[in-house]
Number of protein chains: 2
Amino acid sequence: MSIVSPTAGFPSTYSVVTFNAGAEIYAPGDKAGTFYQVEFGAVRVHRLLSDGRRQVIAFHLAGETFGFEADRTHSFFAEAITQTGLRAISRPANGEASPELLTLALRGMLRAHEHIMMIGRQTAVERISGFLVDMADRQGGIEYFDLPMSRLDIADYLGLTIETVSRVFAKLRSAGLIKLRSIRCVELKKLETLRSLCA
Amino acid sequence: MSIVSPTAGFPSTYSVVTFNAGAEIYAPGDKAGTFYQVEFGAVRVHRLLSDGRRQVIAFHLAGETFGFEADRTHSFFAEAITQTGLRAISRPANGEASPELLTLALRGMLRAHEHIMMIGRQTAVERISGFLVDMADRQGGIEYFDLPMSRLDIADYLGLTIETVSRVFAKLRSAGLIKLRSIRCVELKKLETLRSLCA
DNA sequence: CGCAAAATTGACTGTTATCAAACTTAGTGG
DNA sequence: CCACTAAGTTTGATAACAGTCAATTTTGCG
């Protein structure tokens with residue numbers, strides 16, 4: 001893998017585990033204390049409200065890390081979206097805090113804050129544009145890529161419905177801003193225009 | 001102050017500074033690296049979109065800490081809402097990461113995730129109920145308290161408009177769930193019912 | 001008391017959700 | 001290879017929640 005590991009310097013040992021599409025990585029109440037780096041595939045972290053409404057908190061792509069918790073137990077679900085390989089890195093039990101782990105936690109917090117900006121004050125078109133640009137940026141600024149997640153996953157990440165996501169995709173496509181090479185493969189035809197839509 | 005300091009154990013020196021209502025604590029682009037504990041008063045952290053829409057990321061009350069950043073510079077505004085006293089604690093420059101700071105960062109991340117749940121998938125009534133219950137819990141589970149922030153601040157925190165906030169307050173009041181002792185002082189008359197509304 | 005800012009209330013609008021149906025796609029077995 | 005199926009996606013018609021615009025009331029402060 002060409003991505004430089006942000007976990008370089010961790011003294012902990014780690015093992016690699018593969019998960020099938022849809023497989024659960026952890027669930028609310030599970031013991032926390034291990035965190036994960038995505039080697040390949042993609043992960044979805046989410047939680048359900050009592051009546052079944054779902055909010056996806058984050059997607060994690062190859063090279064990214066997740067699974068830190070403030071408490072001893074997890075409060076979200078983590079699932080593999082596609083077949084996914086994870087390095088499990090156990091947090092030192094002695095309470096020692098490495099600067100790397102702190103940096104990862106702070107980056108996670110910044111990411112969460114950007115997410116709040118997106119769903120708190122942006123329209124459906126702005127959210128979808130922002131999501132697509134973010135996906136491209138996180139994969140090195142490529143102009144086309146496969147979305148590992150379904151429209152429902154995207155809707156639950158952006159606080160929209162599946163129908164609205166579909167309609168906005170159609171709108172961006174007919175405006176010539178994106179092209180759907182296939183249902184899951186998006187090409188950003190006018191990246192700068194898309195960026196300007198993110199408000 | 002009766003609140004146990006979560007920063008106990010930090011070797012750093014600190015100073016205390018007072019800010020008037022509305023005063024800026026930091027702004028986007030300002031050098032980061034210092035974090036703050038609220039001694040008295042309340043703080044609002046927010047960001048503006050290009051067209052003036054505002055999202056409040058967090059409120060911080062007495063005893064709470066904020067100001068950590070992943071980058072060298074801040075990406076949000078922090079302002080005192082009322083007259084506020086802050087202990088400024090400089091992050092050790094040698095890159096050392098104390099377990100306490102990591103814990104604070106992880107708690108901040110959890111708080112951000114709860115916020116995403118709230119604005120991503122909940123209705124106006126659920127958001128306001130959740131907000132009021134959270135405010136009570138953070139002040140030790142008291143049944144009445146003063147809101148330091150305006151309706152506009154609350155609206156921008158919850159991703160609503162000031163009119164919607166006002167209408168939901170009226171609705172909760174006429175349902176007997178809350179009482180407005182004054183415009184800024186809320187009494188939670190039926191805390192458990194309010195909790196059940198948070199979904 | 002008088003003024004400006006904040007909050008409330010009302011009428012109406014609009015974006016997004018909901019409900020429903022049709023269409024695609026990928027996978028399975030004849 | 002081609003139906004057949006089921007899941008996922010798209011599209012359409014309608015509804016609802018929250019937003020916008022506007023006017024009024026309340027509050028806090030000089």
Side-chain angles (χ1 to χ4, degrees), chain A residues 20-22 44 49 51-56 81-83 118-132 146-175 178-186 197 199, chain B residues 20-22 44 49 51-56 81-83 118-132 146-175 178-186 197 199:
Chain A
N20 287 324
R44 150 184 83 220
L49 296 180
D51 62 355
R53 279 173 288 174
R54 188 180 74 150
Q55 176 66 48
V56 172
I81 299 176
T82 56
Q83 179 150 307
M118 182 126 107
I119 64 181
R121 281 285 175 236
Q122 294 186 212
T123 65
V125 170
E126 290 168 340
R127 295 183 210 190
I128 300 278
S129 303
F131 172 73
L132 292 175
D146 278 299
L147 293 168
M149 68 291 284
S150 69
R151 299 290 190 266
L152 183 57
D153 287 332
I154 297 172
D156 287 345
Y157 177 72
L158 298 176
L160 300 169
T161 60
I162 185 174
E163 293 94 334
T164 299
V165 172
S166 192
R167 275 185 252 268
V168 173
F169 269 74
K171 196 171 182 177
L172 295 177
R173 185 171 48 69
S174 69
I178 65 172
K179 182 178 174 184
L180 292 171
R181 293 188 173 195
S182 76
I183 209 137
R184 293 284 185 102
C185 182
V186 189
L197 286 180
Chain B
N20 287 324
R44 149 185 83 220
L49 295 180
D51 63 355
R53 279 174 287 175
R54 187 180 74 149
Q55 177 65 48
V56 172
I81 299 175
T82 57
Q83 179 149 307
M118 181 128 107
I119 64 182
R121 281 285 175 237
Q122 292 186 214
T123 64
V125 170
E126 290 167 340
R127 295 183 211 191
I128 299 280
S129 303
F131 172 73
L132 292 174
D146 278 300
L147 293 168
M149 68 291 285
S150 69
R151 299 290 189 265
L152 183 57
D153 287 333
I154 298 173
D156 286 345
Y157 177 72
L158 297 176
L160 300 169
T161 60
I162 185 174
E163 293 94 334
T164 298
V165 171
S166 193
R167 275 185 253 269
V168 173
F169 269 74
K171 196 170 182 177
L172 295 177
R173 185 172 48 68
S174 68
I178 66 172
K179 182 179 174 183
L180 293 171
R181 294 187 173 196
S182 77
I183 210 138
R184 292 283 184 102
C185 181
V186 190
L197 287 179

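So that the names make sense, note that chain A is the first sequence line, chain B the second, and so on, each numbered from 1. Just so we're clear, the structure is a prediction, and the values are computed from it rather than from any experiment.
For A:Ser166, the side-chain atoms get nearest to D:dT11 when compared with the rest of D:dT11, D:dA18, C:dT9. For A:Thr123, whose side chain is taken as the heavy atoms from C-beta onward, the closest listed nucleotide among C:dT16, C:dT8, D:dT10 is C:dT16.
Rounding to whole angstrom units, CE of residue B:Met118 and P of D:dA18 are separated by 14 Å. Atom CG of A:Leu152 is separated from atom P of C:dT18 by 12 Å (rounded to the nearest Å). Here C:dT25 presents its C1' atom at 11 Å from CZ of A:Arg184, a figure rounded to the nearest Å. At whole-Å resolution of the value, CD1 in A:Ile183 and C1' in D:dA7 are 11 Å apart. Nucleotide D:dG8 holds its P atom 13 Å from the CD1 atom of A:Ile81, rounded to whole Å. In this structure, CD1 of A:Ile119 is placed 14 Å from P of C:dT16, rounded to the nearest angstrom. Note: CG (A:Asp146) to P (C:dA26) measures 11 Å, nearest angstrom. Distance, A:Asp156 CG to C:dA17 P: 11 Å, rounded to whole Å.
Between B:Phe169 and A:Glu163, the residue anchored nearer the 5' end of DNA chain C, judged by the nucleotide with its closest heavy atom, is B:Phe169. Toward the 5′ end of DNA chain D lies the nearest nucleotide of A:Arg173, the other residue of the pair A:Arg173 and A:Arg121 mapping further downstream.
The base of D:dT20 sits within donor-acceptor range of the side chain of B:Arg167, with an N or O pair under 3.5 Å.
Among the atoms of the strands shown, none is found under 4.0 Å from any heavy atom of A:Ser182.
A donor-acceptor pair is defined here as one N or O able to donate and one able to accept, closer than 3.5 Å; such a pair exists between the side chain of A:Arg53 and the backbone of B:Arg121.
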- Task: Evaluate the criterion side-chain contact (heavy atoms from CB on, under 4.5 Å) for residue pair A:Gln55 and A:Leu49; output intermediate values, then yes/no.
- Result: CA-CA 8 Å; A:Gln55 176 66 48; A:Leu49 296 180; over 6 Å; no

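Between A:Ile81 and A:Pro148, the shortest heavy-atom contact is CG2-O, 3.1 Å.
Close to D:dA18, at under 4.0 Å from its OP1 or OP2, lies no side-chain N or O of B:Thr164.
The residues A:Asp146 and A:Arg181 are annotated as not salt-bridged, no charged nitrogen and carboxylate oxygen being separated by less than 4.0 angstrom.
Between B:Leu160 and B:Val168 the shortest side-chain heavy-atom distance does not fall below 4.5 Å.
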